[in-house]
Amino acid sequence: MSTPRRPSRPQRGRPAPRKQGPRRPPPHEDPARRAALEVLRAVRERDAYANLVLPEMLRQRRLTGRDAALATELAYGASRAQGLLDEVIAACLDRPLSQVDGVVLDCLRLGAYQLLRTRIPEHAAVDAMVNMARLEGGSHVAGFVNAVLRKVSEKDEAAWLDELAPDPDTDPIGNLALRTAHPRWIARSFAEALGDKGTELKAALEADDRRPEVHLVARPGEISADELAAITGGEVAPYSPYGVHLPAGSGDPGDLEPVRDKLAAVQDEGSQLCAVALTRVPLEGTDERWLDLCAGPGGKAALLGALAAISDARVDAVEPAPHRAKLVENATEGLPVSVHVADGREPGLEPGFDRVLVDAPCSGLGSLRRRPESRWRRRPSDVADLTKLQSQLLASALELVRPGGVVAYVVCSPHLAETESVVGDAARRTKAEILDAREFFPDVPLLDDGPYVQLWPHRHGTDAMFCAMLRRR
Ligand SMILES: C[S@@+](CC[C@H](N)C(=O)[O-])C[C@H]1O[C@@H](n2cnc3c(N)ncnc32)[C@H](O)[C@@H]1O
């Protein structure tokens with residue numbers, strides 16, 4: 001379900017709020033909004049991931065069709081827009097937002113999302129949330145939610161943004177951050193990576209605020225992208241030779257026959273391109289031992305494994321978390337891939353690999369579209385913690401690869417500290433040659449000056465994947 005903006009609401013001549021307080025609750029609670037509220041609660045109380053909790057909840061409650069679509073729209077939309085919703089709600093309160101009880105805040109966020117970012121009629125949105133607030137906390141809480149949401153509804157999103165967003169002339173990043181519901185530090189990191197504070201940043205943040213298409217990868221040697229597109233009703237991807245884009249609203253891709261039969265899997269086209277790029281770098285000498293140093297849950301290991309099978313190579317896949325290593329085993333069943341539960345910094349494997357992929361743990365700032373709450377949970381300090389591990393893993397890869405062999409360093413983040421800084425430091429220390437990675441992304445347009453490749457949702461329709469290619473001297 002898309003999120004068309006609510007058209008401007010007339011400011012004058014609207015009926016005055018009812019004097020007698022909230023209405024009686026309808027006899028049956030709305031199952032879609034209830035599910036969305038419980039997702040917000042799980043995210044807030046248990047640090048749960050909305051995109052894991054919601055599908056399970058829809059299954060358990062047998063919500064399908066319109067109910068499932070509404071629950072998804074509300075849970076993901078309100079999670080994604082949380083910071084913006086909170087600013088609007090705070091402007092309607094006579095106390096600090098931090099003093100609002102958790103579940104009441106969830107009701108307000110869900111209500112504000114409906115009022116500002118959907119076409120749901122105002123009375124339906126407010127009444128439903130007031131009803132839920134009553135069930136959660138009684139009539140006093142219901143009255144509070146009613147009063148706040150009525151205030152929220154006095155303006156549409158554009159009018160609230162005009163009132164609350166920083167001045168675009170003096171604080172362009174702060175202005176765009178609020179307008180696209182991003183924390184300022186993330187908007188700044190995008191601006192730094194783009195080298196831009198204006199037009200392109202706006203497009204990048206807006207693309208990052210939209211729900212992404214689902215991409216499939218056709219397993220090389222088993223099924224072609226054309227065949228997969230024909231079976232699934234999707235479209236062949238523009239850049240990856242194995243990619244297919246599914247149309248919006250295609251349902252659970254796990255139900256598709258080729259996915260069930262492991263002929264295809266869900267994988268962002270950008271991830272496919274990075275794994276394939278590693279296999280495209282010309283090598284002198286042997287080309288039979290490949291390594292995936294950070295393999296869980298196995299998306300790229302499976303693609304590398306299928307390509308290795310075609311080239312008579314073998315892949316060692318390293319993953320320290322046992323449950324994630326199990327996922328790699330499942331994803332690579334039947335392929336020439338050996339999975340090792342080990343730390344990539346010291347995996348205990350014989351050095352001399354021809355090709356190594358370091359798909360390092362990262363902030364995930366490049367795939368915020370897929371993890372609705374993630375942008376509000378991440379902290380700048382997470383990046384600092386991760387860069388140390390990323391540097392260690394890249395150093396380990398450069399020891400494990402043979403002279404003349406190649407290492408692809410990949411992160412799903414455009415943050416310069418996780419991308420260019422890590423690679424530049426490693427190259428200085430090890431004297432590895434930084435190759436122009438753009439050569440291994442043929443036909444992908446709109447790449448910057450190199451030697452790195454930074455993909456972007458607004459340019460390529462992919463996650464914001466970064467790829468550097470290094471050759472050991
Ligand atoms: C970005 S994910 C990799 C995604 C994977 N390549 C794929 O395509 O499915 C990073 C992985 O690195 C793993 N990891 C974390 N610390 C690690 C370490 N010290 N050595 C190796 N892998 C590590 C994480 O558990 C996580 O599974």
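One-based numbering along the sequence shown. Every number for a ligand or one of its atoms is a count from 1 in the order of the listing. A quick note: this is a predicted structure, and the numbers were derived from the prediction, not measured.
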| task | Could you tell me whether some N/O pair between A321 and ligand 1 is separated by less than 3.5 angstrom? | result | no

| said: For the residue pair R377 and Y49, would you count it as a cation-pi contact if the rule is NZ or CZ under 6.0 angstrom from the ring centre and within 45 degrees of the ring axis? | reply: yes

| field | Top protein contact for atom 22 (N) of ligand 1, by heavy-atom distance | value | P320 CD, 3.2 Å

| request: Just jot down the ligand 1 atoms closer than 4.0 angstrom to any heavy atom of L293, in number order. | output: 21 (C), 22 (N)

| said: Heavy atoms only, cut-off 4.0 Å: how does V318 contact ligand 1, side chain, backbone, both, or neither? | reply: neither

| message | Between R314 and S338, do the side chains contain a donor N or O and an acceptor N or O under 3.5 Å apart? | response | yes

| What's the shortest distance from atom 12 (O) of ligand 1 to any protein heavy atom, and which residue and atom give it? | C294 CB, 3.4 Å

| field | Under 4.0 Å to a heavy atom of A295 - the qualifying atoms of ligand 1, by number | value | 5 (C), 6 (N), 7 (C), 9 (O)

| task | Over 60° means perpendicular and under 30° means parallel, so classify the ring planes of Y239 and H460, tilted if in between. | result | perpendicular

| remark: Looking only at protein heavy atoms, what sits closest to atom 4 (C) of ligand 1 is G296 O, 3.0 Å

| task | Indicate the ring-plane relationship of F466 and Y409, choosing parallel, tilted or perpendicular according to the 30° and 60° boundaries. | result | perpendicular

| Nearest protein heavy-atom contact for atom 20 (N) of ligand 1: which residue, which atom, what distance? | G344 N, 2.8 Å

| task | Among L293, D292, V407, find the one that has a side-chain contact (heavy atoms from CB on, under 4.5 Å) with L357. | result | D292

| remark: Between V358 and C294, the two heavy atoms sitting closest are CG1-SG, 4.3 Å

| query | What atoms in ligand 1 come closer than 4.0 Å to a heavy atom of A360? | reply | 1 (C)

| request: Looking only at protein heavy atoms, identify the closest one to atom 14 (N) of ligand 1 and say how far it is in Å. | output: P361 CG, 3.7 Å

| field | No-hydrogen, no-angle side-chain donor-acceptor test under 3.5 Å, R378 and S374 | value | no

| Side chains of E269 and H245: is there a donor and an acceptor less than 3.5 Å apart? | yes

| Any side-chain heavy atom of S363 sitting closer than 4.5 Å to one from E418? | yes

| Which of the atoms in ligand 1, numbered in the order shown and given with their element, are less than 4.0 Å from a heavy-atom of E319? | 11 (C), 12 (O), 13 (C), 24 (C), 25 (O), 26 (C), 27 (O)

| message | Within the structure, is a non-hydrogen atom of L389 found at a distance of less than 4.0 Å from ligand 1? | response | yes

| Are H458 and E206 side-chain neighbours, meaning at least one heavy-atom pair lies under 4.5 Å? | no

| query | Any donor and acceptor pair, going by atom type alone, linking the side chain of R109 with main-chain N or O of D86 inside 3.5 Å? | reply | no

| Residue, atom name and distance, where the atom is the protein heavy atom closest to atom 8 (O) of ligand 1 | K300 N, 3.0 Å

| For atom 10 (C) of ligand 1, which protein heavy atom lies nearest, and how many Å away is it? | D359 O, 3.5 Å

| said: Checking the N or O distance criterion of under 3.5 Å, is ligand 1 in contact with Q267? | reply: no

| said: Give me the nearest non-hydrogen protein atom to atom 7 (C) of ligand 1 as residue plus atom name, then the distance to 0.1 Å. | reply: G299 N, 3.5 Å

| request: Could you tell me whether ligand 1 has any atom less than 4.0 Å away from a heavy atom of S271? | output: no

| Where ligand 1 meets D343 - atom numbers and elements under 4.0 angstrom, heavy-atom basis | 18 (C), 19 (N), 20 (N)

| task | Output the list of atoms in ligand 1 that are nearer than 4.0 Å to some heavy atom of R345, sorted by atom number. | result | 19 (N)

| field | Note: R34-E38 ion pair, threshold 4.0 Å (strictly below) | value | yes

